[in-house]
Structures are given as C-alpha cells and as structure tokens.
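Presented below is the structure to which this report refers.
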There are 2 protein chains.
Amino acid sequence: MRYSPLHKADVRQRIIRTASYRFRSEGMDAVGIANLMADLGLTHGGFYSHFRDKEALVAEACRHGFDELQQRLAGVLDAVPPEQRLAALVQHYLSLAHRDRPDDGCVAAALGGEMARRDQPSRQAFTAGIEAQLALLQECVPPGEKGSAPTPCVALALMVGALLLSRAVSDPALSQRFLEEATRALAPPGQA
Amino acid sequence: MRYSPLHKADVRQRIIRTASYRFRSEGMDAVGIANLMADLGLTHGGFYSHFRDKEALVAEACRHGFDELQQRLAGVLDAVPPEQRLAALVQHYLSLAHRDRPDDGCVAAALGGEMARRDQPSRQAFTAGIEAQLALLQECVPPGEKGSAPTPCVALALMVGALLLSRAVSDPALSQRFLEEATRALAPPGQA
DNA sequence: TTTTTAGCATGATGGCCATCATGCTAAGGG
DNA sequence: CCCTTAGCATGATGGCCATCATGCTAAAAA
C-alpha cells in the first residue's frame, strides 16, 4: 500500500465527487475515465480497482449528487418556519444560481434525460434519489393543505421541467419566465 | 448528378428524419455520422455536402422533431371541442405510449438536458420549437379561464418534467404516478 | 455524343473511448 | 529487516468519433 490504509477510500470518494460534478456539467458520455482520473492527478490504470466499470461510477455519482442536494435543501428548510418551507425550497430550486450551476445542482434536471437510456444500476440509484426528493417535498406540505396543493410528484415534475427548460432555451427572457411562472405556481405570493 | 435532380433534397430529408428519431432514442452524442448514414444505405463521405457539420444536423433534426409533434398535436386538438382541448392534449402527451416511444415523441423531454450543453444553432432551433409549443398551449386555454389556470410555461414545464421523470425512473409504479398526477393537475376530472 | 459536374464512396488523419494485462514501488505485516 | 501485497502507472487492444481530401461514375448540359 503506497499511501495510508484510508487513502483508497479517500481516492474513491474523490473520484465519485469529481465525476458527480463533471457528469452534471458535461454529460455522462462526454466524460472519459482517463480524463476524469487526470483531474485527480491519477491515470486510468487504477480506476478499475475502485469500480467494476463506468456504469458503477455513474450510479455512485448519482447517489452522491442527490445526497448533496438533499443536505443543502434540508439546511434551507431548517432555517425557515414550517409554513414557508415549500416556498423556500421552490425559490432555492428555481433560482438563477441553480440554473447557472448545473454541476452543483439537481441530478434529475441535469441528467434525467440520459438516465432514461442507462442500465439498471444507474437507474435504480436515480430512482432512490427521486424518492428521497419526493419524501422531502412531502414534509414541506403543511398539515392543513387540502386537495388544492400540488402533490409531491407534481411539484417535483414542475420544478425539474422548469429548470431543465430554463437551461436549454437560448432566449434569456424565456428562460426567466419558466423559473418565475413555475415559482408562482408552486409558491403563490398571496399566501402566508 | 447520379440520381434525379430532386434526390439530393430527398436524401437530405431522409438524413434529418432518421437523425431525428435516433437522436431522441439514443442521445445525440451516441449517434455517429458514419453509423447514421449507414442506416440510409450510404457512407459518411457525402454527409458534409448536405450539412456543414454535425451541429447543423442537430439543429435540423430538432426542428423536424418539433414540427412532427406539433402537427400530431394539432390533429388531436382539431378532433375535440374547444373546452376539452387542453385535457386532450395533456392526455396525449402524458400517455404510456408517449413515454415508451421517446424516438417518436417530444424533443424537449428526450433531449432537453443535452440541449443545454449544445452550441447556439441547435439551442436556437430548440427554443423556436418550445415557443411553438407554448403558442399551441396558449390556444388550448378556453377564453373564460382566469388566473387559476396554469400558464403555458407552467403547463409545458410540468408536462416535460413528468414525462422525463416517468422515463428515467426504474420503478413502474412511480413512473405511472408521475404521468397520472401531472395529468390530474393539468386536466382535473371534475371539469367540463 | 462528348464534356462537365454533382452526389456519393473510399480512405486517411488525429483523437478519444472503455477495458484488460502487466509492472513498478512503497508501505504494512511478519 | 525482509517480503508480501495493494495501489497505481504504463501500455496495448479494438473500436468509434468528426472531419477533410480525393476519386469514381453517371446524369445533365453542350
């Protein structure tokens, strides 16, 4: 063992972390193993002692990305009284900052389309992340809200769709419209 | 000219058409020029006499895909009285058939994530398609609907997001929930 | 009928891809 | 203090990528 015994786990985490960012910003097919390892000052040789294949890394990177967002959103929610939680979450998710930093943002919005074409391990990791997001949204709906409030599935689909489209569209005004109108639909200003 | 004078335009259309399908089902990076031309019984040599580069083809394929969906949806809307148009469109868009045939479906849901990373020509073609979809949605909202109805941007974002997630998720039950709950949110059953 | 030329084919270039086989090297266990 | 071995490096394999240069061939123009 060249480095200390904990270094393998550390390198593994750095691979996942870097992959998670680069996948979201460049797409999963666009990031090669050799190129990715070079980011860490390593070469492609050792990769396969950490992961069985690229698919395994994609699954891990997916998990990592969802965990990260989940923790950040949990922090946002803790700082806010229960009635304002949904609004706070929506404003954070549909912000210009989130739109402009896909590498540090929601995996579903950045990689959802490509995930539909991937193998089972990655899709299962993705599904688990989605379910965690739905659970988090569930907790944001105040107790008294009746059938009028959007369900977690609807809220998540609208947020993902709006963020995705705001990124894809080349017209800045239209990009903002997606964010603003989706925000209004989920967290109407005329509310507590 | 080897074939009749109209054959160049015909071949060009066949390239666009095939590319449009394959891009949506396999992703734009996964379809190579040589492989694509082979689908038409041709080789890679002639490609660059039809398009300046791959980016130009992506833009054309994007246009073609949006046009096709637009025409199909227009056909659905014509067969239905004005009050039911939004519901008909939503049910068509959020159907299992659409979910399971991304190659023959909405460009935004299949390629939106990758479009955000593409060059200007493709993104402009994409934006034009989105604007056409928004215009079509605008016409679906009956005259009397007040502020309660979702705006076109919100409706489109929700539809795209729900379709995207229903495709990406590996759990069939969750996949259907996205489609059904989004459908209910946009075309509530307790309505004309 | 002859000549031009457009549409496509062939082939080359340089690059990147995932994956596997093997070799070095330094740290841990004895 | 030596020897095993784990972690990574080097290099090879076979394949696909976009793009450009050139050549063939048959149809249109003369």
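Sequence lines set the chain letters: A, B, ... in the order given, protein chains first and strands last, and positions in each chain run from 1. Keep in mind it's a predicted model, so treat the numbers as computed, not measured. Below, each value reflects all heavy atoms present in this structure, side chains not excepted, and no hydrogens, waters or symmetry copies.
- We find that CE of Met37(A) is positioned 14 Å from P of dC17(C), with the value rounded to whole Å.
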Trace of the side-chain contact (heavy atoms from CB on, under 4.5 Å) decision for Ile16(A) with Arg12(A): CA-CA 6 Å; Ile16(A) 293 173; Arg12(A) 181 188 159 91; 4.1 Å; yes

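- Among the nucleotides dC8(C), dT10(D), dG7(D), the one closest to the side chain of Leu42(B) is dC8(C).
- For DNA chain D, the residues of residues 46-58 of chain B within the heavy-atom distance limit of 4.0 Å (strictly under) are Tyr48(B), Asp53(B), Lys54(B), sorted by number.
- Note: Met28(A) CE to Asp29(B) CG = 11.0 Å, rounded to the nearest 0.5 Å.
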Test side-chain contact (heavy atoms from CB on, under 4.5 Å) on Gln133(A) and Cys106(A); report intermediate values, then the result. CA-CA 10 Å; Gln133(A) 294 262 53; Cys106(A) 178; 4.0 Å; yes

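- A tilted orientation is assigned to the rings of His98(B) and His92(B), their planes being inclined by 30° to 60°.
- Nucleotides of DNA chain C nearest to Gly32(A) and Gly45(A) differ in position, and the one nearer the 5' end is that of Gly32(A).
- When distances run from any side-chain atom of Asn35(B) to the nucleotides dC17(D), dG11(C), dA9(C), the shortest one goes to dC17(D).
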Sequence neighbours left out, cut at 3.5 Å: what donor-acceptor pairs do the side chains of residues 168-178 of chain B make with other protein atoms?
from      : atom 1 : to        : atom 2 : distance (Å)
Ser170(B) : OG     : Thr127(A) : OG1    : 3.1
Asp171(B) : OD1    : Ala173(B) : N      : 3.1
Ser175(B) : OG     : Arg99(B)  : NH1    : 2.8
Ser175(B) : OG     : Ser166(B) : O      : 2.7
Arg177(B) : NE     : Glu181(B) : OE2    : 3.3

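- Look at CG on Leu40(B): it is 14 Å from C1' on dG7(C), rounded to the nearest Å.
- Set against dA9(C), dG7(D), dC20(D), the side chain of His44(B) has dC20(D) as its closest nucleotide.
- Between the NZ atom of Lys8(A) and the C1' atom of dT5(D) there is a distance of 12 Å, rounded to whole Å.
- A donor-acceptor contact closer than 3.5 angstrom links the side chains of Arg24(A) and Ser20(A).
- Whole-Å rounding puts the Met28(A) CE to dA18(C) C1' distance at 16 Å.
- Legend: residues meeting side-chain hydrogen bond (donor to acceptor under 3.5 Å, both in side chains) with Asp103(B), ordered by chain and number and at least two apart, are Arg101(B).
- In terms of the side-chain contact (heavy atoms from CB on, under 4.5 Å) criterion, residue partners of Ala19(A) (sequence neighbours excluded) are, by chain and number, Phe23(A), Leu36(A), Leu57(A), Ala61(A).
- Among residues at least two apart or in separate chains, side chain to side chain donor-acceptor pair (under 3.5 Å) pairs with a member in residues 36-52 of chain B are Arg22(B)-Asp39(B).
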Only Watson-Crick and G-U wobble pairs with both distances less than 3.5 Å should count. Give DNA chain D in dot-bracket notation, marking inter-strand partners with |. ||||||||||||||||||||||||||||||

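- dG15(D) atom C1' lies 17 Å from atom CD1 of Ile33(B), rounded to whole Å.
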